[in-house]
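Written below as structure tokens is the structure these notes are about.
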Amino acid sequence: MPIIEVHILEGRSSEIKARAAAAISKAAAEGFGVSIDTVRILVTEHKKDEFYVGGRAGRASDQARLAPLMEEDKL
């Protein structure tokens, strides 16, 4: 019985999470050669300040957008 943990930033709808869980379940069932009914998905949502990329809080896309502003502050 595959058990898969998914960690995401909060804010996605139940519909989006359900669609992702269905796709992940299908892929896991095929990959492991098991019945889809045995696949378990655990979704944990995190606030932005609980998620770090490269030692900085927030999504990588947010960091890329803000990087030029942060460099200007150093000048």
Side-chain angles (χ1 to χ4, degrees):
M1 164 179 29
I3 301 171
I4 300 167
E5 288 187 69
V6 178
H7 294 264
I8 60 174
L9 290 175
E10 66 182 355
R12 290 180 175 84
S13 69
S14 294
E15 180 181 280
I16 290 172
K17 291 183 277 188
R19 191 170 55 232
I24 294 165
S25 295
K26 180 179 178 187
E30 290 173 5
F32 288 110
V34 298
S35 167
I36 197 167
D37 294 330
T38 67
V39 178
R40 306 295 188 254
I41 307 290
L42 303 170
V43 177
T44 303
E45 293 185 274
H46 300 276
K47 296 178 182 177
K48 262 189 179 180
D49 65 350
E50 297 173 340
F51 186 84
Y52 290 79
V53 176
R56 295 179 304 270
R59 300 178 304 191
S61 60
D62 290 341
Q63 292 175 15
R65 189 182 80 250
L66 296 174
L69 299 174
M70 295 173 74
E71 287 301 317
E72 287 178 13
D73 286 345
K74 291 181 183 176
L75 298 178

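Note that the structure is predicted; figures quoted are calculated from it, not measured.
Nearest heavy atom pair, residue Glu45 against residue Glu10, reads OE2-CA, 3.4 Å. Between Ala28 and Val39, the shortest heavy-atom contact is CB-CG1, 4.1 Å. The two atoms that bring Ser35 and Ala29 nearest to each other are C-CB, 4.2 Å, heavy atoms only.
The line from CZ of Arg40 to CE of Met1 is 5.0 Å long, rounded to the nearest 0.5 Å. Atom CG of residue Leu42 and atom CD of residue Glu5 lie 6.0 Å apart, to the nearest 0.5 angstrom.
Counting heavy atoms from C-beta on, the side chains of Ile36 and Lys26 come closer than 4.5 Å.
Under a hydrophobic clustering in which Ile, Leu, Val, Met, Phe, Trp and Tyr are joined whenever their side-chain heavy atoms come within less than 4.5 Å, directly or via other members, Ile4 and Ile8 fall into the same cluster. Cluster annotation: Val43 and Leu9 are assigned to distinct hydrophobic clusters (Ile/Leu/Val/Met/Phe/Trp/Tyr, side-chain heavy-atom contacts under 4.5 Å, transitive). Under the 4.5 Å side-chain heavy-atom criterion for Ile, Leu, Val, Met, Phe, Trp and Tyr, Val34 and Ile41 are members of the same hydrophobic cluster.
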